[in-house]
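Note that ligands are numbered from 1 as they come in the structure, with each ligand's atoms numbered from 1 the same way.
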Amino acid sequence: MNYARFLNAVSKARVASPIRELTAIQQRGPPTLISLASGMPNTDMFPFIQASVTLPDDSQLHLDQKLIKRALQYSPTPGIPELVQWLKQLQVQLHSPPTCSLGPDQGQMDLCVTTGSQEALSKTFEMLVTPGDNVLMDQPTYPGTLAAVRPLGCNLIPVETDQLGMRPDVLRDVLSRWTPQDCKNPQSDVPKVLYTIPNGGNPTGATMSLDRRQEIYEIARNYDLMILEDDPYYFLQFERPRLPSFLSMDVDGRGLKFDSFSKILSSGMRVGYVTGPKPLVSKIVLHLQASTLHTSTLTQMILFLLLEKWGVDGFLQHCDRVSDFYKERRDHMIKSADKWLTGLAEWHSPSAGMFLWLNLQGVQDTHKLIMEKAMEKEVLFVPGNAFSVVPGEPSPHVRAAFSQATPEQMDKGLERLARLLKEESQLS
Ligand SMILES: Cc1ncc(COP(=O)(O)O)c(CNc2cc3ccccc3n(O)c2=O)c1O
């Protein structure tokens, strides 16, 4: 892979921060190392002596006086080494990335901890996108990604999805404006980046079939596309075994995988990790060095203590429990949808994630209906136009989340929506 083709001028101009490099050297150095280099504060002045977190089995994660001093101090930008190592081993065990066997400059698998996958996504678009670029995206898609990429002045090209995720036939049709040879022409405006949410898509709940993943990867090879695999719902796949990731089939080193602990351990801890080719992950690290410096050391330490205690098997058992929890809530939501919305809306039962994508019959655009009328009925959804790649495009859809509401609240909420739809149809 020629990674220089994908970096924009800003990212090419990023160089290592000498101070951050010294932090890394100092942290790797022997205890006998005397450093008068870094401006790290003296931890003796921090008013925190110990910290403990209690787990469901009443066991404790404990940061003693020595550990908490480290946890309250600056740490390496890519993440605290023990957490980075644990996560790399997790990726190898789950995905067997072909990129592990590539050389460092050829796309060897690397990984960086980020402050939520949202930070990784925004830094990645800021690394890859130049104003005027054509960028391929799931349609509809996650508004947080649209918020990150839209201001960069690129041309977002929607690629329709259905209940099986991004449609390869539509992708081929979109790309037919160019030829595969165009990717060898630096002057061509052929797209270089494809963004997709393969599991439990936000907002559609769609999970991409294996055939489509393989077909889309081949299209990406043919047009030399980078695949941004936004995957916060990977562990919320309700069926096992989980479907293979793009990371697991990435023989070229053309993918970046964005993982998150938000849906499985804590959204407020703000810990995500991006896995991908070393040349690109290194550039993301440089961007972090010039912005957040690193994800909270304290948060990383608490997370690592938990993962070290659980081990991979224990972690995956926890993920299975979480997945089963959302599968049961999906069942409640579908049962209520069948009861109240049959004939009024259409939907597909999601096989992952926490969202149901409702197509409201006879409604041209749900925005006004939801923001005004539904509020009167005291029920809230997200109107479909919030997820459209094309700004302001009307949508007959609403996104319903089954993550927090109780089964009774889901049932009452969909009943209220049904009543609203019936009233509207009588008025029209
Ligand atoms: C596809 C996709 N990619 C990345 C992210 C970001 O995850 P993180 O940074 O690792 O926590 C998300 C999080 N999605 C949402 C977040 C959220 C936060 C407050 C309130 C509402 C929220 N709603 O509705 C969301 O969908 C996502 O769905």
Within 45° cone and under 6.0 Å: Lys309 NZ/CZ vs Phe304 ring: no

Compute the centroid of each ring, for [X] and then for [Y], and state whether the two points are separated by less than 6.0 Å.
X	Y	result
Tyr234	His95	yes
His348	Trp357	no
Tyr326	Phe355	no

Polar side-chain atom of Ser282 near backbone of Pro279 as donor-acceptor pair, under 3.5 Å: no

Single hit among Phe325, Phe261, Phe315 for ring-ring contact (aromatic ring centres under 6.0 Å, His included) with Phe235: Phe315

Amino acids in close contact with ligand 1, where any non-hydrogen atom sits under 4.0 angstrom away: Gly116, Ser117, Gln118, Leu121, Tyr142, Ile197, Asn202, Asp230, Pro232, Tyr233, Ser260, Ser262, Lys263, Arg270, Phe355, Arg399

